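Okay, so here's the structure we're looking at.
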Protein chains: 2
Amino acid sequence: MAKMNRTKYAILGVLNERPASGYDVKKFCDSIAYFWNENYSHIYPVLKQMEEEGLVTKKTEQTEGRPPRNIFSITPGGREEFVKWLMLPVEPHILRAELLLKLLFSNNIPVDNMVEKLENKIEEQMRIREYLDNGAEEIKSRIKTERKLKAWLAVIQWGRTITDATIGWCEETIQVLQEDDE
Amino acid sequence: MAKMNRTKYAILGVLNERPASGYDVKKFCDSIAYFWNENYSHIYPVLKQMEEEGLVTKKTEQTEGRPPRNIFSITPGGREEFVKWLMLPVEPHILRAELLLKLLFSNNIPVDNMVEKLENKIEEQMRIREYLDNGAEEIKSRIKTERKLKAWLAVIQWGRTITDATIGWCEETIQVLQEDDE
DNA sequence: ATGCACATGTAAGCTGTTACATGATTTC
DNA sequence: GAAATCATGTAACAGCTTACATGTGCAT
């Protein structure tokens, strides 16, 4: 199995919908940051490399009072590679959940410190949860085709399901940790 | 923020319980693979580097009919660094869920292909779920102290919670995708 | 006979992160 | 007046993965 440059496929996914700049790609990824992230410092070089591979084409757009924008468009070859990737089985999802690792070893630190970490996790998940609830309505009005809307709502539903489950588990775990042992 | 070598802390966590070889560390990580993974090819060089930093010491054990084992023990300095890391807030958990990215763009492929990916996910999660159920009993009998047992059970409970939530979401999503649009 | 468990490592290289660099315009 | 947004990139490098290399003993 060759390693896949996942950034490449995320970019192709965005450009498959519409031409966009590296900046636009980053904005899009920020909007789905609860399950996918990208950095500028990775997007720009990968776009360059993709241009060399013939997956995208670049057009520089002059704007007034703003920096020029490099607009990238997907090529037929790019579209082909993108769809080929979409059809492939999902690569196994390798987790590294630091919170759980620390929890496992938390007998070496005060209970309060571990509880604080769990409380921070709850806050984080609640922020995500709120973002998803606000976003759902906007998406319903923006997405036109039925297939796309279904997919978007399913992804949002995933976020809701997982944040709820995580928050519930954090609360339970805090209680268990704070129980007196006797 | 400097980047953390997370492998280092995972290793320290194992060695903090008992002296172990690189092979043992890997075995341990395999047993918690549902939320943490390590490769031999990373463990061995990191162990070497940790020895140079004075976090661990090495002792080579000759065995009959088996390759010699390099047994590593944590030093007081290593223990100190480990606890310092444990106390630090958890680094934000950056996800890259390929399944969700593909789902988001799945209007470009047949519904059946996407459904298959979701079915594979269900199978994967059911395997994990089964593993956790079998493991819980073994852990209850093995772990002695109350604090450690609580932590282990909480981690297992996380696995159960998330796998259940994920399986439920996959099933719902398959149904939604397979509904006729009219 | 085939494969798995035991056991350790090196070499190469991609992926992705952090820090740095620049600067106008808009918003609070 | 400060901060955020728009907009693009380079340099350095840490982290991790993949492929390679080697060999015994036990179980099926």
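Note that the structure is a prediction, hence the values are computed from the model and not measured. By convention in this document, chain letters (A, B, ...) are assigned in the order of the sequence lines, proteins followed by strands, and residues within each chain are numbered from 1.
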### Task
Between B:K8 and A:I71, just flag the one whose closest nucleotide in DNA chain D comes earlier from the 5' side.
A:I71
### Query
Taking only N and O in the side chain of A:R6, is any of them less than 4.0 Å away from OP1 or OP2 of C:dC14?
no
### Task
If the plane angle is over 60° it's perpendicular, under 30° parallel, otherwise tilted; pick one for B:Y40 and B:Y23.
parallel
### Summary
From OH of A:Y40 across to P of C:dT22 the rounded distance in Å is 19 Å
### Message
On the six-membered ring of B:W85, is A:K102 placed so that its NZ or CZ lies under 6.0 angstrom from the centre and within 45° of the ring axis?
### Response
yes
### Message
From CG of B:D24 over to P of C:dC6, roughly how many Å is that when rounded to an integer?
### Response
9 Å
### Sub-4.5 Å side-chain heavy-atom contact between A:R160 and A:D133
yes
### Task
Give one of base, sugar-phosphate or nothing for A:N37, where a contact means two heavy atoms less than 4.0 Å apart.
sugar-phosphate
### Task
Using the closest heavy atom to pick a nucleotide of DNA chain C for each, name whichever of A:P67 or B:N70 lands nearer the 5' end.
B:N70
### Query
To the side chain of A:Y23, which of C:dT10, C:dT8, D:dC6 is closest?
D:dC6
### Between C:dG9 (P) and B:L47 (CG): distance, integer Å
9 Å
### Query
Which residue lies toward the 5' end of DNA chain C, B:P45 or B:I94, if each is placed at its nearest nucleotide?
B:P45
#### Entry: Interatomic distance where NE2 belongs to A:H42 and C1' belongs to D:dA11 [whole Å]
14 Å
### Query
Is the A:F105 to B:Y9 ring centre distance short of 6.0 Å?
no
### Task
Choose from C:dT17, D:dT8, D:dC16 the nucleotide whose nearest atom is closest to any side-chain atom of A:Y44.
D:dT8
### Message
Should the side chain of A:S41 and the base of C:dT18 be counted as holding a donor-acceptor pair, with the cut-off at 3.5 Å?
### Response
yes
### Task
Please determine if a side-chain N or O atom of A:N39 lies less than 4.0 Å away from the OP1 or OP2 oxygen of C:dT17.
yes
